[in-house]
Amino acid sequence: MDTDGQPDAEPLHCLVTGASGYVGGRLVPELLEAGHRVRCLARSPGKLRDHPWARDVETVSGDVTDAASVAEAMRGIDVAYYLVHALGTGAGFEDTDRRAARVFAERAHAAGVRRIVYLGGLTPYGVPEDELSPHLRSRAEVGRIFLDGPVPATVLRAAVVIGSGSASFEMLRYLTERLPIMVTPSWVHTRIQPIGIRDVLRYLVGSARMPRDVDRAFDIGGPDVLTYREMMCRYAAVAGLRRRLIVPVPVLTPGLSSHWVGLVTPVPAAIARPLTESLRHEVVCREHDIAHYVPDPPGRPMPFDEALSVALRKVREAQVATRWSSAAVPGAPSDPLPTDPDWAGGSLYEDQRQSLVDAPRESLWKVIEGIGGDNGWYSFPLAWAVRGWLDRFVGGVGLRRGRRDAERLRVGDSLDFWRVEEIEPGRLLRLRAEMRLPGLAWLEMYAETDDTGRTRYRQRALFHPRGLLGHAYWWSVAPFHAVVFGGMARNITQAAAKGMSARRK
């Protein structure tokens with residue numbers, strides 16, 4: 001029997017919000033493995049279609065701020081997981097988070113949901129809430145809304161989550177690997193209790209079957225309490241790097257710290273800021289009561305060094321299931337490419353190129369799907385690098401996000417400063433720009449067969465300008481299109497032909 005008085009084998013019907021994000025994308029298969037049925041609520045359901053578990057879940061379209069879509073998603077649900085936040089959507093993100101949490105709690109009660117499970121942030125003991133960073137303050141308020149509501153809630157509070165692809169892990173990894181000598185902010189002396197992503201998922205799954213009378217928050221963390229300096233030193237040891245020299249200085253504000261992190265790591269300043277702000281105060285668990293309801297097996301929670309080793313192995317073996325960049329980047333454009341060729345939304349500039357390829361379509365597609373990251377963009381590298389630097393300078397994502405997988409892409413993947421908007425295997429890859437632009441931009445690459453049976457590569461770059469600045473931007477960069485886009489088309493076709501020639505040899 002489970003803790004709710006029901007047979008262990010009885011599956012629960014779980015609603016997961018944030019399934020396109022880092023934690024949600026990993027929670028779904030864990031719930032399925034535990035025998036539960038899963039429904040995902042997503043603003044863009046297409047982002048989930050290429051996940052390995054997509055055919056095993058029900059996906060519905062909606063937004064947590066829309067009461068009607070939440071109510072529809074809650075029908076027949078036993079446990080509702082809330083794994084979303086509005087961080088980075090603007091100055092009013094706390095109001096958005098507050099409104100969404102209230103809608104979620106009210107609709108869950110109306111639908112007869114048995115439990116809400118929320119993953120929030122670990123807050124420092126004894127620090128007034130008005131002194132917390134906006135990020136932590138909003139997380140704490142959302143948890144309080146759920147606990148004050150009529151539906152029993154489990155609020156899990158974690159500090160730094162260590163796992164392949166997590167923003168915290170990527171920040172730690174790149175700071176340590178790229179800087180053998182570091183001039184660091186004073187928060188490197190702050191004590192933190194990190195937790196491995198596997199334990200976070202274990203607690204999330206286990207929370208589904210908590211007794212009905214449990215309605216509280218739980219601190220969750222690993223067995224190690226470390227300063228950020230110690231975390232960097234231990235990362236260097238686990239990764240086999242030379243010992244790092246770390247010199248803390250007191251003058252780096254959270255804003256300057258976030259830009260410093262943004263320059264050194266793939267994590268942009270918009271995401272780095274809440275991470276660094278959260279490190280101003282000590283975040284250490286005050287209890288481990290979660291173990292009464294979700295017992296820890298031997299060796300768990302996972303020690304910090306072991307969590308690092310597992311994460312590094314996943315990165316090196318290219319087995320990263322989700323990344324921090326799986327979720328939409330704050331402030332990035334999200335409008336899909338207009339499908340109407342005579343789009344009434346205004347100007348739509350286009351640069352189109354095509355060429356025949358001395359290779360089968362399969363060889364061409366392999367090059368197309370492998371673009372970006374370490375493989376580069378098959379044209380003037382300095383031009384792409386400069387564009388990436390400029391984007392980082394104005395707070396964008398730049399080119400450092402790379403790829404989740406070295407060979408395969410799926411809808412929703414980040415790809416340097418692009419995001420995969422559409423992929424038709426063997427035929428089409430459409431990327432939407434997430435760099436800072438005065439408009440919306442897309443890049444399409446096609447592997448086709450012409451009327452004579454020959455392989456043809458077709459490429460389209462599209463730009464929808466925003467205001468006069470957008471038009472000026474397009475015409476200012478148009479002279480470089482022959483170098484950038486023309487070179488890309490030539491080099492992609494040559495790479496496909498060379499790859500075919502190498503395979504023949």
Side-chain angles (χ1 to χ4, degrees), residues 20 42-47 49 61 63 88-90 268 270 325-354 368 371-372 377-380 383-384 386-399 401 409-424 427-446 448 457-489 492:
S20 62
R43 284 180 298 176
S44 304
K47 284 186 177 182
R49 76 174 196 209
S61 177
D63 189 280
T89 57
S325 55
S326 299
V329 174
S334 58
D335 294 22
L337 175 67
T339 54
D340 185 352
D342 299 319
W343 189 34
S347 302
L348 190 64
Y349 292 117
E350 179 180 10
D351 179 280
Q352 182 163 202
R353 300 171 190 273
Q354 62 181 20
I368 292 174
I371 200 167
W377 290 88
Y378 294 95
S379 68
F380 194 27
W384 286 91
V386 169
R387 187 64 186 87
W389 296 334
L390 290 174
D391 195 52
R392 300 286 287 193
F393 182 75
V394 297
V397 296
L399 280 174
R401 292 191 301 183
L409 293 174
R410 64 190 185 203
V411 170
D413 271 0
S414 61
L415 183 59
D416 293 327
F417 48 43
W418 305 88
R419 187 170 296 277
V420 179
E421 181 177 281
E422 181 59 81
I423 184 168
E424 297 177 17
R427 178 181 174 270
L428 164 67
L429 174 63
R430 179 185 299 139
L431 307 175
R432 186 183 69 246
E434 290 192 333
M435 73 279 278
R436 300 298 176 93
L437 289 170
L440 304 174
W442 298 266
L443 177 63
E444 292 183 333
M445 288 166 277
Y446 293 84
E448 299 176 330
Y457 172 69
R458 185 160 60 91
Q459 174 183 294
R460 286 204 312 165
L462 300 110
F463 182 67
H464 171 49
R466 185 185 303 115
L468 182 60
L469 183 60
H471 292 275
Y473 172 82
W474 172 264
W475 290 113
S476 68
V477 299
F480 303 100
H481 287 173
V483 175
V484 177
F485 294 130
M488 176 186 290
I492 285 178

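Note that the numbering runs from 1 along the sequence shown for the chain.
- Taken to the nearest 0.5 Å, the NE2 atom of H481 stands 11.0 Å off from the CE atom of M488.
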Tell me, with the steps shown, if V484 and R387 meet side-chain contact (heavy atoms from CB on, under 4.5 Å). CA-CA 11 Å; V484 177; R387 187 64 186 87; over 6 Å; no

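- The aromatic rings of Y349 and F463 lie parallel to each other, with less than 30° between the two planes, well short of the 60° mark.
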Check the pair L443, Q459 against side-chain contact (heavy atoms from CB on, under 4.5 Å), reporting the backbone distance first and the verdict last. CA-CA 7 Å; L443 177 63; Q459 174 183 294; 4.2 Å; yes

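- We find that R49 and E422 are joined by a salt bridge, their nearest charged nitrogen and carboxylate oxygen being less than 4.0 Å apart.
- Minimum interatomic distance between P465 and G470 (heavy atoms only, all atoms of both residues): CB-C, 3.4 Å.
- Of all heavy-atom pairs between G412 and R419, the closest is O-NH1, 2.7 Å.
- Of the candidates R427, R432, R460, R353, R460 is the only one forming a salt bridge (Lys or Arg N to Asp or Glu O under 4.0 Å) with E444.
- The CD atom of E434 sits 10.5 Å away from atom CG of L415, with the distance rounded to the nearest 0.5 Å.
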Working note: F417 + L437, criterion side-chain contact (heavy atoms from CB on, under 4.5 Å); need CA distance, chi angles, decisive distance, verdict. CA-CA 11 Å; F417 48 43; L437 289 170; over 6 Å; no

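- If you take CD1 on I371 and CH2 on W418, they are separated by 9.5 Å, rounding to the nearest 0.5 Å.
- Across all non-hydrogen atoms, the minimal contact from W474 to A461 is CH2-O, 4.5 Å.
- Results of the side chain to side chain contact (heavy atoms under 4.5 Å, CB included) test with I423 over V411, L431, L428 single out V411 as the only residue that passes.
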For E424 and Y446: C-alpha separation, side-chain torsions, deciding distance, then whether side-chain contact (heavy atoms from CB on, under 4.5 Å) applies. CA-CA 9 Å; E424 297 177 17; Y446 293 84; over 6 Å; no

